[in-house]
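Report on one structure; see the data block that follows.
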Amino acid sequence: MFYFFSKTIYYFLTPAGWLFCTLLAAYFLKDARLRRRFTGISLMLFWLAGNGFLTNELLKGWEISPQPVSQKTDGIRVGVVLTGGMINGLADVKPVRPVLGHEADRVGQALWLYKNGYIQKILISGGQGNLLFQTPAINDEGQMVAAFLQTAGVPASDIVLERNSKNTRENAAFSKPILARQFNTNRCVLITSAWHMRRAMACFAKEGMIVTPFPTGFLAEKTSHSPGNYLLPNEKSFNDTFWVLREVVGYLTYWVVGYL
């Protein structure tokens, strides 16, 4: 039940959900004064969510910065890659092959770490988490990511799949026994998107694991002081606001139910 609500109710706590509700109210209200008020609220929400400067500063405060990863280690260092958006499962391509998605930098950075000797094994954590009313994205993202890594030269013997987890908490809970059983460690290099790293680190720490964060897919950029960045809403900022607020809601929800 928690999984269902965590994947659905957050919509009404995002800019798109707020705009939908306020515009719906403005459309159906008969009182002209209230209609103008809700229209004004909608315009203000649109400007705030699409403001490049405000959104970028919000991201800078939320995203986790990378920590140095040493090549020197006494044992096998494992990189744990969290699935979610790395493969575009809706692309209809021939021949059938992995088509990278919007979070593909996770696998790209894992490959970079492996090729440069910072990690020796790659654990891909994540199973299928679709709901009945959602468009199925992919049957086995982890397997397709593994296939991509093998094409890039990573031996199958250096790739481990954890196929059962459906959320970040389960990523941590199900990765822990694999790390202990196969590699005799509670340490790993954690590889996920920068906007998602804060919650992922907290979940892994809750399970007693020690992680070196290696965030990927940064949304925050160098601050632009152009007038348009302060005054004119833009689609990238609206999308960035969606992701960071979605993640803040997810983090707070995990904290409330005791997952962190």
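Values below: all heavy atoms of this structure, side chains included; hydrogens, waters and symmetry mates excluded.
Looking at Ile191 and Thr216, their side chains come closer than 4.5 Å, going by heavy atoms from C-beta outward. Inter-residue side-chain proximity for Leu179 and Met209 is flagged as met; some heavy-atom pair is nearer than 4.5 Å. Contact annotation: the side chain of Val189 never approaches that of Val211 to less than 4.5 Å [non-hydrogen atoms, C-beta and beyond]. Here the side chains of Val78 and Gln120 are not in contact, with every heavy-atom distance at 4.5 Å or above. Contact of the Trp112 side chain with the Tyr118 side chain is registered, since non-hydrogen atoms from C-beta on lie closer than 4.5 Å. Looking at Ile124 and Val160, their side chains never come closer than 4.5 Å, going by heavy atoms from C-beta outward. In this structure, Leu48 and Trp18 have side chains that are not in contact, with every pair of non-hydrogen atoms separated by 4.5 Å or more. Taking the side chain as every heavy atom from C-beta outward, Phe238 and Pro233 never approach each other to under 4.5 Å.
Aromatic pair His196/Trp62: ring centres not closer than 6.0 Å.
The nearest pair of heavy atoms linking Phe218 to Ile64 is CE2-O, 3.6 Å. For the pair Ala26 and Thr39, the tightest heavy-atom approach, listed with the atom from each and the gap, is CB-OG1, 3.6 Å. Shortest non-hydrogen contact noted between Arg106 and Leu82 is NH1-O, 2.8 Å. Listed here is the closest heavy atom pair of Thr168 and Ala200: CG2-CA, 3.6 Å. Val80 and Ser125 get closest at one heavy-atom pair: CG1-CB, 4.3 Å. Among all heavy-atom pairs drawn from Ala104 and Leu100, the shortest one is CB-CB, 3.6 Å.
The environment of Phe174 atom CZ is dense: over 12 non-hydrogen atoms of other residues, nucleotides or ligands sit within 6.0 angstrom. Residue Asn184 places its CG atom among 12 or fewer non-hydrogen atoms of other residues, nucleotides or ligands, all under 6.0 Å distant. Under a cut-off of 6.0 angstrom, the local environment of CZ in Arg33 is sparse, with at most 12 non-hydrogen atoms contributed by other residues, nucleotides or ligands.
Paired with Thr55 under the rule side chain to side chain donor-acceptor pair (under 3.5 Å), one option of Thr241, Asn234, Asn239 passes, and it is Thr241.
Ring planes of His225 and Tyr230: parallel class, angle under 30° (limits at 30 and 60°).
The CG atom of Leu19 sits 11.0 Å away from the CD1 atom of Ile41 when rounded to the nearest 0.5 Å.
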Chi angles and distances behind the salt bridge (Lys or Arg N to Asp or Glu O under 4.0 Å) call for Asp240, Lys236:
CA-CA 6 Å; Asp240 291 348; Lys236 179 186 182 302; 2.5 Å; yes

Check step by step if side-chain hydrogen bond (donor to acceptor under 3.5 Å, both in side chains) holds for Ser165 and Glu170.
CA-CA 5 Å; Ser165 58; Glu170 292 183 353; 5.5 Å; no

Applying side-chain hydrogen bond (donor to acceptor under 3.5 Å, both in side chains), run through Ser193 and Glu103 and close with a yes or a no.
CA-CA 7 Å; Ser193 302; Glu103 299 300 332; 2.4 Å; yes

Please assess Tyr27 against Leu23 for the test side chain to side chain contact (heavy atoms under 4.5 Å, CB included), listing each intermediate value before the final yes or no.
CA-CA 6 Å; Tyr27 181 82; Leu23 288 173; over 6 Å; no

Step by step, work out the side chain to side chain contact (heavy atoms under 4.5 Å, CB included) result for Arg35 and Lys30.
CA-CA 7 Å; Arg35 291 182 66 178; Lys30 295 181 179 180; over 6 Å; no

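Side-chain N or O atoms of Glu207 include none that pairs as donor or acceptor with a backbone N or O of Lys176 at under 3.5 Å. Using modelled atom types, no side-chain atom of Trp243 and backbone atom of Leu219 make a donor-acceptor pair closer than 3.5 Å. When atom types are taken as modelled, the side chain of Asp105 and the backbone of Gly217 share a donor-acceptor pair closer than 3.5 angstrom.
Applying the side chain to side chain donor-acceptor pair (under 3.5 Å) test to every pair with at least one member in residues 151-161, sequence neighbours left out, gives these pairs: Tyr114-Asp158, Lys121-Asp158.
A cation-pi arrangement is not found for Arg199 relative to Tyr251, the charged atom failing to lie both closer than 6.0 Å to the ring centre and inside a 45° cone about the ring normal.
In this structure, a donor-acceptor pair under 3.5 Å is absent between the side chains of Asn229 and Ser226.
The residues Glu221 and Lys60 are annotated as not salt-bridged, no charged nitrogen and carboxylate oxygen being separated by less than 4.0 angstrom.
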